[in-house]
J.: 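Here it is, the structure, as structure tokens.
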Amino acid sequence: LDVLRRGAMSGNDITKQFEQAYAKWMGMELALAYPNGTEAIRAGLWACGVGAGDEVICASMTYWASCTSVLTLGAAVNFADIEADTLCIDPADIEHRIGPRTKAIVAVHYAGYPCAMDRIMAIARKHKVKVLEAVSHAHGALYKGKTLGTFGDIAAMSMMSGKSFAIGEGGMMVTNDRAIYERCVSYGFYERTGVASRWNAPDAQVTMKELKPFAGVPLGGYKHRLNQIASAVGLGQLKHYPKRMKEIQDAMNRFWDLL
Ligand SMILES: *Cc1c(COP(=O)(O)O)cnc(C)c1O
């Protein structure tokens, strides 16, 4: 209601609050909100350096938005097999697919099941390939006690109404890598500070000394700002989400115990 009464539907003050709260909840440093998960994935892959002639390794069974942005970036998808028991990308089918053109691996935590992140990260680090975790089915889910989306170089997630963390339509990307974050800002968040300038800081916390050369430059030509009403819904969801997760978890565990 505050967003509506202030006429603040466009802008990003509430969205920045949502991003900061979401990053904090995940235990990550940086987050950027998107109008949908598809665009968060596209921007994230572009920020990882994916472009014309490159290859990205994706799971062979997933929602298509995990890989279609690879095509719009001019790159090719190299499909890895999935594991029969988790339906997630099979770490044993990744390494032999890595070649000189491979830029990234997309790890989709399918239907809430975690990918084998320790094995995937070991392969990626060995070959200097970036990992994008796709967390649209697994907000708040854990792998070996650690939140999904905190293992890779970057994570992207949808928040459309079919997902467990829902704000209507929306998406988020999180990272601890400031270079990736700033590339995402320059790809789709021109004038994020509200002042049109070639050397804008991507957000108010950055001092001029810390600026990377591409900060604030509209390199992508996209517009990725999330509308503020959805951000306000997101702030509300964050307050309740841990409790709701626990209720669902308790109910599922009761079923498992009875079975
Ligand atoms: C929903 C979903 C997306 C796309 O998100 P949108 O917000 O609908 O654009 C991408 N990947 C996976 C795995 C999804 O489930």
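This structure is a prediction, so every number in the text was calculated from the model and none was measured. Reckoned from all heavy atoms, side chains included, excluding hydrogens, waters and symmetry mates. Counting starts at 1 for both ligands and their atoms, in listed order.
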J.: Met160 heavy atoms, cut-off 4.0 Å: which ligand 1 atoms fall inside?
T.: 7 (O), 8 (O)

J.: Around atom NZ of Lys243, are there more than 12 heavy atoms from other residues, nucleotides or ligands closer than 6.0 Å?
T.: yes

J.: Can a donor-acceptor pair be found, under 3.5 Å and without considering hydrogens, that links the side chain of Asp250 to the backbone of Glu247?
T.: no

J.: Hey, can you tell me if Tyr187 and Trp46 have their rings parallel, tilted or perpendicular (30° and 60° cut-offs)?
T.: parallel

J.: Is the side chain of Ser136 donor-acceptor paired with the backbone N or O of Ser158 at a distance under 3.5 Å, no angle test?
T.: yes

J.: Below the 3.5 angstrom mark, is there an N/O of Glu169, backbone or side chain, next to an N/O of ligand 1?
T.: no

J.: Suppose I only count heavy atoms of Ala65 and a 4.0 Å limit; which atoms of ligand 1 are within that range?
T.: 4 (C), 10 (C)

J.: Number the atoms of ligand 1 from 1 as they appear, then name those within less than 4.0 Å of a heavy atom of Asn36, with their elements.
T.: 7 (O), 9 (O)

J.: Within the distance-only criterion (no hydrogens, no angle test), does the side chain of Tyr222 pair as donor or acceptor with the backbone N or O of Phe189 below 3.5 angstrom?
T.: no

J.: Is the number of heavy atoms from other residues, nucleotides or ligands under 6.0 Å of Arg254 CZ greater than 12?
T.: no

J.: Closer than 4.0 angstrom: is that true for some heavy atom of Lys163 and an atom of ligand 1?
T.: yes

J.: Under 3.5 Å between any N/O of Tyr63 and any N/O of ligand 1: does that happen in this structure?
T.: no

J.: Can you find an N or O of Thr38 that's nearer than 3.5 Å to an N or O of ligand 1?
T.: yes

J.: Side chain, backbone, both or neither: which applies to His137 and ligand 1 if a contact is any heavy-atom pair less than 4.0 Å apart?
T.: side chain

J.: Heavy atom to atom 12 (C) of ligand 1, shortest distance: which of Gly170, Ser136, Ala134 holds it?
T.: Ser136

